[in-house]
2 protein chains.
Amino acid sequence: MPEHDHDHDHHPSAEAMEEVLNRYMAEHGLKSTRQRSLIIDTFFSLGGHLSVEELWSKVREQDTKVSVATVYRTMKLLHECGLAHARNFGDGQTRYEAAAGRHHHDHLICTRCGTIVEFENDRIEAMQEAVARKHGFRVTSHKMELYGLCRNCQRETTPQPRA
Amino acid sequence: MPEHDHDHDHHPSAEAMEEVLNRYMAEHGLKSTRQRSLIIDTFFSLGGHLSVEELWSKVREQDTKVSVATVYRTMKLLHECGLAHARNFGDGQTRYEAAAGRHHHDHLICTRCGTIVEFENDRIEAMQEAVARKHGFRVTSHKMELYGLCRNCQRETTPQPRA
DNA sequence: ATAGGTGCAAAAAATTTGCGATTGC
DNA sequence: GCAATCGCAAATTTTTTGCACCTAT
């Protein structure tokens, strides 16, 4: 499980997310269904960086009949309305992470044990803006991932599985 | 094709890469074959951010018989010995990019037309190090991608395909 | 009523692997 | 000669889709 940075290891409440989502759904003529609510509640209450497979297995604990397809479709929705970010940390699967209501943040990833630490740094963000402007870009989002060894893994020599 | 930043739009020569690769191969008991050389030469002479599919199609122009599997296997090798970086820009495929002999750099990606601009910024890198250190990490590599609209796409309103 | 949603199973797309036939070293 | 490679096809893995049947609105 990911360690979190000092000032933002809170997740937005699933209820708050439903609010945002409801507005989006109303505007787009989408319907609220039992399986969507279940998937969304599960996603936001779990937190972290979830693969569809992981999320699906948690959802199935509540309702065995929900199909992967629905989880994929729902996560695509959440992504499109900006409530979830899609991440790609190198293993072959897309992971989703709660977006709205949280500060933007980036990731430190231990390549040995898989630990993920979140952080944010306003000065770096400001400099990113500046660089982009220099190249004529207007930035709408970004990803920054630092890969390396966490404190423990710098000492350890015994094999340890990734995440 | 990607625009390049001021001071490093050179690609390392395929020959220089063969050198590094040969050393690696000698140390690991790997063999140099016709298809590997072809793939490697093609990869380094093309430059850019290539999907396996794209690279394969170029390779096939020289030798119809090379299989995708070999391209995958060769790129994995290049990646393992540090000569190629694996990237994931959001479309569902891994892209490879020449690594050794180039300065490290990051990416500005236009979400409308797919243009990729490379840049580097030492101050940002220094701050990344600092942040990582604060969290006890020793950074070995990183990825930073800024998504947004390039100069052209901020003006245009007509539809334009990605990449 | 009806547009949108769901499950299921088949389809795609991306990548990996088993294997008998090569081929560097 | 022998271990490493190759091509090919089959297998995996991840994600998408077609379709007949449901269900919010």
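A quick note: this is a predicted structure, and the numbers were derived from the prediction, not measured. Residue numbers begin at 1 in each chain, while the letters A, B, ... track the order of the sequences.
Residue Val66(A) is classed as a sugar-phosphate contact, given heavy-atom separations below 4.0 Å to backbone atoms only. Heavy atoms of Val68(A) sit nowhere under 4.0 angstrom from any nucleic acid atom.
Remark: side-chain polar atoms of Thr74(B) are not paired, donor with acceptor, to backbone N or O of Val71(B) under 3.5 angstrom. Between the side chain of Glu97(B) and the main chain of His85(B), no donor-acceptor pair closer than 3.5 Å is present. Between the side chain of Arg87(B) and the main chain of Lys143(B), no donor-acceptor pair closer than 3.5 Å is present. Gln35(B) places no side-chain N or O within 3.5 Å of a backbone atom of Lys65(B) that could act as its donor or acceptor partner. Under the 3.5 Å distance criterion, the side-chain polar atoms of Trp56(B) are left unmatched by any main-chain donor or acceptor of Thr70(B). Here the side chain of Gln154(A) pairs a donor or acceptor atom with the backbone of Gly136(B) at under 3.5 angstrom.
Taking the six-membered ring where tryptophan is involved, the planes of Phe89(B) and His107(B) are perpendicular, since the angle between them exceeds 60° and thus also 30°.
For the contact set between residues 73-81 of chain A and DNA chain C, defined by any heavy atom under 4.0 Å, the members are Arg73(A).
For Lys31(A), the side-chain atoms get nearest to dT25(D) when compared with the rest of dT25(D), dT5(D), dG7(C). Nearest nucleotide to the side chain of Leu30(A), out of dT25(D), dG4(C), dG7(D): dG4(C). The side chain of Arg36(A) approaches dG5(C) more closely than any other nucleotide in the set dT17(C), dG5(C), dG7(D).
For the pair Leu38(B) CG and dT5(D) P, the computed distance is 17 Å after rounding to whole Å. One atom, OH of Tyr72(B), and another, C1' of dA11(D), lie 14 Å apart when rounded to the nearest Å. When rounded to the nearest whole Å, the span between CD of Gln93(A) and P of dT16(C) equals 13 Å. Following rounding to the nearest Å, Lys65(A) (NZ) and dC8(C) (P) show an atom-to-atom distance of 7 Å. The CD-C1' distance, from Glu53(A) to dT14(D), rounds to 9 Å in whole Å. One atom, CD of Glu54(A), and another, C1' of dT13(D), lie 15 Å apart when rounded to the nearest Å. Between Arg60(B) atom CZ and dG7(D) atom P there is a gap of 11 Å when expressed in whole angstrom units. Summarising the geometry, the separation between CG on Asp91(B) and C1' on dA13(C) is reported as 12 Å, rounded to the nearest angstrom.
A close approach under 4.0 Å does not occur between any side-chain nitrogen or oxygen of Gln35(B) and OP1 or OP2 of dT5(D). Of the side-chain N and O atoms in Thr70(A), none sit less than 4.0 angstrom from OP1 or OP2 of dG5(C). The phosphate of dT14(D) has neither OP1 nor OP2 within less than 4.0 Å of any side-chain N or O from Thr94(A). Taking only side-chain nitrogens and oxygens, Thr33(B) comes nearer than 4.0 Å to OP1 or OP2 of dC6(D).
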